[in-house]
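One structure is given here, and the rest of the page talks about it.
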Amino acid sequence: MKVINLHQEEKELIELAVENNRHAQQKIYSKFSPKMLSVCRQYIKDLHQAEDIMITAFMKVFTSLKNFEHKGSFEGWIRRIMINECISYIRVQKRVTFIEDETYFEESFNNIESKFSVEDIQTLIDSLPDGYKMVFNLYAIEGFKHHEIASMLGINEGTSKSQLSHARKMLQEQINKLKNYSNGIAT
């Protein structure tokens, strides 16, 4: 049995793509585009707009590929570009506002019942105001710390915590409504 060094194969693919080898670029795109569309979709409600942003971000990936230092995950590097492109798009649209409310509550939010589908949960997240949604995604899904989120979004750390707290509260209220509705209880 032949063992293939996947890391070396990826590195060679990246080097070819840096040289504008279209076949290598297509392989990278084909490998990562499904996951990256999912990342863009977390921030952008409209699927077609999320696809457009993903394609624009892939153009940035290919033009910046020479700057990838092979330190850390290549997928993580691409993911960061996708997130930044989504944030830039939302900022340009001026659809995001952050409430300068530094009161927040730490609460557990790990009790989403398994009867909700991924689509249900995504619909709930999509219904959040853009500021809440962005902070929620960066914190809960991407795993960024509040000081990192604050730096990325140009807000202070307390605002990031507040946005997350408000997002969690809204999601919990929506989940409770869904649970009551599915149990036949009118709200």
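- Leu16 and Phe74 are not part of a single hydrophobic cluster, where members link through side-chain heavy atoms under 4.5 Å apart.
- A distance-only check finds a donor-acceptor pair linking the side chain of Thr63 to the backbone of Lys60 [under 3.5 Å].
- The distance from atom CG of Leu171 to atom CG of Leu128, rounded to the nearest 0.5 Å, is 4.5 Å.
- Residues Tyr29 and Met36 fail the side-chain proximity criterion, which asks for heavy atoms closer than 4.5 Å.
- At distances below 3.5 Å, not a single donor-acceptor pair connects side-chain atoms of Arg168 with backbone N or O atoms of Phe136.
- Between Ser73 and Arg79 there is no side-chain heavy-atom pair separated by less than 4.5 Å.
- The pair Lys161-Glu157 meets the salt-bridge criterion, since a charged nitrogen lies less than 4.0 angstrom from a carboxylate oxygen.
- A ring-centre distance under 6.0 Å is not found for Phe58 and Phe32.
- A donor and an acceptor atom, one from each side chain of Gln163 and Thr159, are nowhere located under 3.5 Å apart.
- Rounded to the nearest 0.5 Å, atoms CG (Leu47) and CD (Glu51) are 4.5 Å apart.
- To the nearest 0.5 Å, the span separating NZ on Lys133 from CD1 on Ile125 amounts to 8.5 Å.
- Put simply, the side chain of Lys169 does not reach to within 4.5 Å of the side chain of Ser165, judged on heavy atoms.
- Side chains of Gln174 and Ser127: a donor-acceptor N/O pair is present below 3.5 angstrom, by distance only.
- Between His70 and Phe68, the angle of the ring planes goes over 60°, which puts this pair in the perpendicular group of the 30/60° scheme.
- Side-chain contact between Met152 and Asn84 is present, with at least one heavy-atom pair separated by less than 4.5 Å.
- Separating the CG atom in Leu65 from the CG atom in Asn20 is a distance of 9.5 Å, to the nearest 0.5 Å.
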Please step through side-chain hydrogen bond (donor to acceptor under 3.5 Å, both in side chains) for the pair Gln26 and Ser30, ending with a clear verdict. CA-CA 6 Å; Gln26 179 59 42; Ser30 295; 2.9 Å; yes
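- Separation of atoms SG (Cys86) and CD1 (Ile44) is listed at 4.5 Å; rounding is to 0.5 Å.
- Residues Gln122 and Gln42 are in side-chain contact: their nearest non-hydrogen atoms beyond the backbone lie under 4.5 Å apart.
- In summary, of the residues considered (Arg80, Lys35, Lys31), a salt bridge (charged side-chain N to carboxylate O under 4.0 Å, His left out) with Glu75 occurs for Lys35 alone.
- The shortest side-chain heavy-atom distance between Lys27 and His23 falls under the 4.5 Å cut-off.
- Residues Leu138 and Glu148 have side chains not in contact (no heavy-atom distance under 4.5 Å, counting atoms from C-beta outward).
- A donor-acceptor pair is defined here as one N or O able to donate and one able to accept, closer than 3.5 Å; no such pair exists between the side chain of Ser162 and the backbone of Gly158.
- Following chains of ILVMFWY side-chain contacts shorter than 4.5 Å, one cannot reach Met59 starting from Ile83, and the two form parts of different hydrophobic clusters.
- Between Asp130 and Lys45, none of the side-chain N atoms (NZ, or NE/NH1/NH2) sits under 4.0 Å from a carboxylate O, so this pair counts as no salt bridge.
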Working note: Val39 + Glu142, criterion side-chain contact (heavy atoms from CB on, under 4.5 Å); need CA distance, chi angles, decisive distance, verdict. CA-CA 9 Å; Val39 169; Glu142 303 299 336; 4.2 Å; yes
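- In this structure, Ile14 CD1 and Glu10 CD are separated by 4.5 Å, a value rounded to the nearest 0.5 Å.
- With contacts defined as side-chain heavy-atom distances shorter than 4.5 Å, the pair Leu13/Asn21 does not qualify.
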